[in-house]
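Every chain is numbered from 1, with letters handed out A, B, ... down the list of sequences.
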4 protein chains.
Amino acid sequence: MAKKIRLGILGGGGDSLIGILHRVASQINDNYEIVGAVFNPNLEDSVAFAEEIDIPTNRIYKDFDTLVEEELKLPESERIQVCSVLTPNFLHFPMAKKLLENGFSAICEKPMTTTYEEAKILQATLEKAGTIFAVTHTYTGYPMVRQMREMIKQGALGKIQKVDVRYYQGWLNPVIHDKEKRSSTWRLDPEKAGISCCMGDIGVHAFNMIEYTTGMQVKSILADLNYLYEDNQMDIDGTVLVRFDGNAKGVLRSSQIATGEENGLAIAIYGDKGGFRWEQENPNYLYVMSDDKPLQVYKPGHAYNSKLSLNGTKLPPGHPEGIFDSMANIYLGVAKAIRGQEYNDGEFPTMMDGVRGLNFIESTVASHKDGNTWVVLD
Amino acid sequence: MAKKIRLGILGGGGDSLIGILHRVASQINDNYEIVGAVFNPNLEDSVAFAEEIDIPTNRIYKDFDTLVEEELKLPESERIQVCSVLTPNFLHFPMAKKLLENGFSAICEKPMTTTYEEAKILQATLEKAGTIFAVTHTYTGYPMVRQMREMIKQGALGKIQKVDVRYYQGWLNPVIHDKEKRSSTWRLDPEKAGISCCMGDIGVHAFNMIEYTTGMQVKSILADLNYLYEDNQMDIDGTVLVRFDGNAKGVLRSSQIATGEENGLAIAIYGDKGGFRWEQENPNYLYVMSDDKPLQVYKPGHAYNSKLSLNGTKLPPGHPEGIFDSMANIYLGVAKAIRGQEYNDGEFPTMMDGVRGLNFIESTVASHKDGNTWVVLD
Amino acid sequence: MAKKIRLGILGGGGDSLIGILHRVASQINDNYEIVGAVFNPNLEDSVAFAEEIDIPTNRIYKDFDTLVEEELKLPESERIQVCSVLTPNFLHFPMAKKLLENGFSAICEKPMTTTYEEAKILQATLEKAGTIFAVTHTYTGYPMVRQMREMIKQGALGKIQKVDVRYYQGWLNPVIHDKEKRSSTWRLDPEKAGISCCMGDIGVHAFNMIEYTTGMQVKSILADLNYLYEDNQMDIDGTVLVRFDGNAKGVLRSSQIATGEENGLAIAIYGDKGGFRWEQENPNYLYVMSDDKPLQVYKPGHAYNSKLSLNGTKLPPGHPEGIFDSMANIYLGVAKAIRGQEYNDGEFPTMMDGVRGLNFIESTVASHKDGNTWVVLD
Amino acid sequence: MAKKIRLGILGGGGDSLIGILHRVASQINDNYEIVGAVFNPNLEDSVAFAEEIDIPTNRIYKDFDTLVEEELKLPESERIQVCSVLTPNFLHFPMAKKLLENGFSAICEKPMTTTYEEAKILQATLEKAGTIFAVTHTYTGYPMVRQMREMIKQGALGKIQKVDVRYYQGWLNPVIHDKEKRSSTWRLDPEKAGISCCMGDIGVHAFNMIEYTTGMQVKSILADLNYLYEDNQMDIDGTVLVRFDGNAKGVLRSSQIATGEENGLAIAIYGDKGGFRWEQENPNYLYVMSDDKPLQVYKPGHAYNSKLSLNGTKLPPGHPEGIFDSMANIYLGVAKAIRGQEYNDGEFPTMMDGVRGLNFIESTVASHKDGNTWVVLD
């Protein structure tokens with residue numbers, strides 16, 4: 001029947017936080033079986049980790065190239081179908097590219113690539129490959145995020161006139177003020193983390209949230225980033241002015257020095273017929289506003305929700321699901337796509353989301369460096 | 001290394017809500033492998049379900065007795081170690097008893113049995129068996145519930161003087177006012193659901209939450225139940241006055257006709273040094289009150305939490321985990337126990353919790369039937 | 001035109017908290033002028049206080065009897081029309097009675113009297129007098145409390161089946177555990193504070209909130225009070241089971257040892273068509289629940305509110321009004337009544353509310369002393 | 001003793017919302033007596049209004065000039081000491097100027113003037129006059145706003161690195177999309193409302209909140225305003241990038257087309273030692289964040305608050321006070337200043353706040369018109 005999809009894992013070994021997130025997400029709806037992996041750069045570590053989580057070790061490979069080579073020798077019915085790419089950022093692009101070129105599907109952590117150029121190459125690669133590709137903007141898997149998307153599509157807010165998104169964290173605060181620490185954190189090292197820290201790591205989630213929920217494309221941006229110290233080479237905070245077609249405007253705020261904030265992604269969207277407010281830390285509450293009716297609070301699992309939203313809920317209302325469930329919803333969507341089943345185009349973030357994200361990241365840095373000028377997105 | 005524990009599933013097939021909850025919970029920390037099951041009363045359905053979730057069908061048995069018989073034939077190293085009992089309530093007792101008698105461990109849905117008498121028999125059975133037994137008071141798996149328990153144990157609230165717990169749902173409201181519907185709902189049929197609906201189904205969770213968090217035992221209770229209609233044989237709402245040793249008192253409120261409520265379990269605990277407030281629908285916020293300091297809000301994953309609480313969190317603060325994660329924490333605790341590893345006695349609800357629960361349920365009905373008089377718990 | 005009503009004040013001098021609440025409330029809608037007073041037992045203090053708040057001192061009297069005597073000598077057009085009775089509890093009855101007997105109206109602090117017997121005498125006195133009498137259950141002045149009353153009257157909740165009210169404070173916690181302190185606090189001295197502390201002081205507000213909002217009368221009660229220490233003579237905590245006609249039931253919880261709680265009055269009401277939740281500490285949010293629609297949040301000042309609610313709001317939505325405004329709404333209702341203008345019977349709590357309150361207080365103590373038995377209210 | 005201050009009122013007659021706010025605020029702490037007024041442009045209306053609120057009509061004047069002229073004829077001990085200026089915006093400047101020039105104090109509604117030039121002239125006028133001047137940035141009167149100011153002054157947040165303030169309303173949404181309506185609303189007419197609608201009306205409150213709480217001055221701004229329709233001449237929405245000395249940055253967001261929002265002023269402030277969050281619609285909760293301790297929630301009236309905050313609370317914790325009380329706190333501060341008593345410089349917003357506000361408003365419009373460039377504030 002619904003034979004499990006053969007999943008490979010790249011990275012995510014040991015204490016990796018992202019590892020457990022993807023592993024659990026893949027199991028939640030009984031759709032995937034982990035059959036192969038390169039968990040760590042070192043084969044012994046990889047095998048040890050496989051034993052620790054008690055999966056077969058016969059397809060734990062010494063490196064990514066070997067994985068591809070060996071899997072391709074297997075009959076298609078046994079071969080890994082899709083790989084989760086959880087490696088350091090700079091490896092996303094070469095691994096994803098090679099996977100696609102060799103007929104594998106891929107679920108890729110974000111940022112999808114380290115440059116916009118790479119993103120466009122990867123996009124072209126996928127077009128030729130014809131396999132499935134998802135980039136894990138995890139927060140789009142929440143039922144109430146999906147509900148926003150569907151309600152906006154149905155016209156519930158009318159014409160959008162204002163968007164305000166925020167992503168505030170405070171984790172860099174204890175680091176940034178210590179010269180020693182800030183010079184030794186990999187996230188603040190352009191060699192390792194790319195051209196942007198704050199926008200690349202979390203601002204891009206906020207950007208994706210705008211386009212995912214509204215279905216609109218940002219046309220141009222103007223960014224003011226903050227590096228706080230002269231010797232710090234990477235943005236750790238910033239505000240981005242945003243413009244859409246048709247006089248709609250918005251703002252995107254992102255910070256890693258918002259002391260005491262945890263994982264504060266939030267969005268507010270206003271149209272001529274109504275408004276939305278949603279926060280990632282309380283993901284099961286969607287506030288729906290209008291000019292003259294009482295505030296409404298939508299919650300997951302109720303029949304009044306859209307099908308896309310309801311597909312992302314496993315238990316009746318009042319049983320809170322969280323971020324593992326959100327990621328699981330994305331894996332569920334990918335499973336449908338791999339199996340050739342029907343699915344809603346909001347069930348997982350696509351190559352286009354990844355390409356847009358890199359376009360955004362590079363544009364914010366360019367705008368800032370140019371003295372806070374408007375940059376038109378492609 | 002950490003070889004996966006061999007898990008059997010009894011019940012939980014098809015659209016069962018509880019099925020997916022246990023299945024996911026068992027997978028979340030990579031500790032269990034489902035090796036055998038009786039998902040449904042009918043073998044074909046069971047096999048079909050096994051295929052649907054793509055697990056091996058060779059140990060899908062036609063009924064529970066066969067499962068026990070066949071598994072006992074297997075060498076111990078292959079045999080099911082623990083079964084999750086997710087069948088209708090009246091089957092919990094005979095199944096759990098037979099499992100324990102045959103050397104299996106068991107994770108049993110609640111209510112553990114249908115009578116207090118059965119509960120005590122099961123307790124005696126476990127004492128002889130020496131295996132592991134857990135009853136799934138799921139909500140005790142939340143990190144902030146565990147934090148309450150540990151902080152109270154450490155004396156953070158001082159001497160407890162007042163406890164107030166609530167469990168309000170509204171799902172019976174659309175049923176209860178229609179004579180046809182209320183006579184055909186199994187939960188309202190004493191033959192199928194035991195002597196109590198509201199107290200048996202959810203009141204007992206509230207009762208357990210009191211004893212789990214405070215570490216105190218309720219000494220006596222006085223209950224006023226509500227049946228709403230003369231022809232309705234089962235309580236669907238009720239309030240229970242509660243007394244502890246040493247002048248501490250409390251109240252337990254439970255309802256299934258609290259129209260519009262979803263799954264409203266909440267607790268407030270007051271001691272001479274401070275107070276707590278916590279709600280299941282927002283499980284990641286623990287409100288800590290005192291006479292003269294600002295209200296504090298504890299959240300999961302922070303280093304200020306107890307070890308027991310931190311063990312129940314997989315990601316950094318701000319990444320909300322939910323009820324699947326809570327149940328997974330219970331499965332994690334059971335895994336430690338089965339493997340003979342060290343664990344905190346709050347990591348899963350035990351036989352004693354089950355016994356206390358049945359004592360409570362029967363006492364509330366007795367108190368009510370006797371004209372709302374005090375009943376002393378054993 | 002709307003000549004100001006001539007107001008006298010009894011009590012409320014010096015640092016009295018209640019004094020400023022009534023004084024401000026009387027000024028808020030430009031309806032009252034304070035023309036006479038006995039602020040303190042001592043004339044010099046009274047005059048000094050009048051000077052402090054800069055009102056004329058010529059009608060500051062040495063005691064209550066003199067006030068009545070002297071005011072009666074004045075022509076009716078100059079005479080005090082209504083007195084606010086803010087004196088210690090035991091003086092409410094004699095003062096209110098004499099005021100009514102002499103043709104004055106009265107706004108009386110709660111508890112209206114110290115015994116139910118007195119309450120009934122006062123009721124008879126008012127019937128003869130034909131003047132206006134209000135008892136200040138302040139919380140009924142909040143716009144969203146009024147909205148609950150009107151919506152229930154209009155059938156928004158259908159038939160009420162469950163009521164749950166709470167009034168938790170923690171202020172006694174730092175007092176009660178110290179033998180010295182608890183024996184010297186006037187609230188805990190039956191000579192000074194009457195037969196009940198917790199029920200008399202705050203439980204009665206909760207009781208009134210039930211009857212005010214639902215429009216239903218409580219038929220019988222069963223109370224379990226808590227004194228915590230053997231040498232403490234007054235209840236400081238308690239739970240009251242509540243029954244109405246027609247199988248509706250409820251619970252009233254009240255405590256002054258809920259450590260860290262401030263002024264936690266809250267009510268939840270469930271009918272067969274919907275439910276309400278409201279909290280005094282966030283008075284501008286009314287949560288309206290139903291079986292199948294999104295949760296609604298009503299707020300003051302919106303056109304969707306009832307006229308009674310809107311009359312209690314002075315500014316557009318989003319400008320929070322508070323407890324002074326709530327009390328002012330009660331004073332506004334009394335002003336209408338004194339002027340013979342039309343008003344809604346929910347605009348101020350009446351003698352009947354006071355009588356019911358005393359019936360309730362005495363019944364809770366009786367029930368508790370009788371071993372927690374049911375007591376039928378008159 | 002504390003003889004009441006003689007207050008004059010300019011504007012605020014009839015259904016004026018601002019009228020009742022100032023009138024009530026002036027009465028709340030027993031410090032002011034309204035002795036004269038020009039409530040309306042028409043004398044009969046003014047007198048009728050005086051009668052309606054029942055104050056003496058002998059000093060109701062036909063116009064502002066007459067008020068000044070006649071009051072100056074009175075002996076100083078009877079003369080109006082301070083006037084509340086509640087007239088349309090364009091009258092604030094000439095009236096305030098003349099008041100100051102003639103030895104009166106003034107409490108002026110915001111915007112203080114219609115141009116920055118006028119603001120500087122008024123500032124010079126005040127310096128000569130030596131009387132008291134306040135501009136009613138009402139929200140600075142809230143106890144928890146004052147608490148932020150004092151805690152920041154004491155170093156609780158360390159060095160400020162990020163400020164984020166929002167003021168979102170939705171009231172213009174039903175107006176703006178209708179060509180007829182938007183062309184006939186006075187707020188959208190530059191002739192009547194000055195050069196800015198959104199920034200001038202509410203953005204300036206947000207700006208003041210930044211400087212009031214942090215004690216820091218904004219150094220430069222870059223604004224992107226939104227007019228939404230080509231024929232609309234006034235900004236109705238906008239985002240302002242903000243820079244301080246020393247690498248601290250921030251963002252100010254303001255909108256009148258945030259559909260469904262009521263009066264959504266909110267601020268978040270982050271320093272290297274901690275962070276704050278506060279919202280006007282729930283003004284009695286101040287969220288205090290840090291890197292590693294539980295979130296704290298400060299509330300009014302507790303002894304842990306600063307003296308400046310406690311001065312703004314009249315009742316014990318848990319008795320919510322609101323916007324009338326906030327404005328009353330400002331009137332209380334002005335009363336102290338007029339009486340020559342000691343006061344904290346945060347007790348009322350001063351001329352400097354007004355001057356800064358106009359500097360800000362003009363700069364935002366200039367920045368926007370110049371293509372969203374940086375403008376340095378004076």
(message) Main chain of A/Lys3, side chain of B/Glu52: is a donor-acceptor contact present, judged purely on distance under 3.5 Å?
(response) no
(request) For each of A/Gly301, A/Ala25, A/Gly264, A/Gly318, tally heavy-atom pairs with chain B at distances under 4.5 Å, and name the one with the top tally. (result) A/Gly318
(request) Output the option from A/Asn282, A/Thr138, A/Leu21 having the highest count of non-hydrogen pairs under 4.5 Å with chain B. (result)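 Top count of heavy-atom pairs under 4.5 Å with chain B: A/Asn282.
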So what's closer than 4.5 Å to chain A heavy atoms on [X]: side chain, backbone, both or neither?
X: B/Ile20; result: side chain
X: B/Asn284; result: neither
X: B/Tyr32; result: neither
X: B/Pro283; result: side chain
X: B/Gln169; result: neither
X: B/Gln27; result: side chain

(request) Please report the closest heavy-atom contact between A/Asp54 and B/Lys4, naming both atoms and the distance. (result)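 Heavy atoms only, the tightest pair is OD2-N, 2.5 Å.
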Can you confirm whether [X] sits close enough to [Y] that some side-chain heavy atom of one is under 4.5 Å from a side-chain heavy atom of the other?
X: A/Pro316; Y: B/Leu17; value: yes
X: A/Pro317; Y: B/Trp171; value: no
X: A/Pro320; Y: B/Glu321; value: no

(message) Tell me whether the count of non-hydrogen atoms from other residues, nucleotides or ligands lying under 6.0 Å of NZ in B/Lys336 goes above 12.
(response)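 Yes, NZ of B/Lys336 has more than 12 neighbouring heavy atoms, counting only those of other groups under 6.0 Å.
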(message) Checking B/Glu281 against A/His319 for the side chain to side chain donor-acceptor pair (under 3.5 Å) test, could you report, in this order, the C-alpha distance in whole Å, the side-chain angles of both residues, the deciding distance, and whether it holds?
(response) CA-CA 7 Å; B/Glu281 294 189 13; A/His319 295 81; over 6 Å; no
(request) Drop me the distance from B/Asp30's CG to A/Ile55's CD1, to the nearest 0.5 angstrom. (result) 8.5 Å
(message) Among B/Glu261, B/His302, B/Glu33, which residue has the highest count of heavy-atom pairs closer than 4.5 Å to chain A?
(response) B/His302
(message) Quick one, A/Phe324 with B/Leu315, criterion side chain to side chain contact (heavy atoms under 4.5 Å, CB included). Give me CA distance, side-chain angles, the key distance, then yes/no.
(response) CA-CA 10 Å; A/Phe324 285 85; B/Leu315 291 181; 3.8 Å; yes
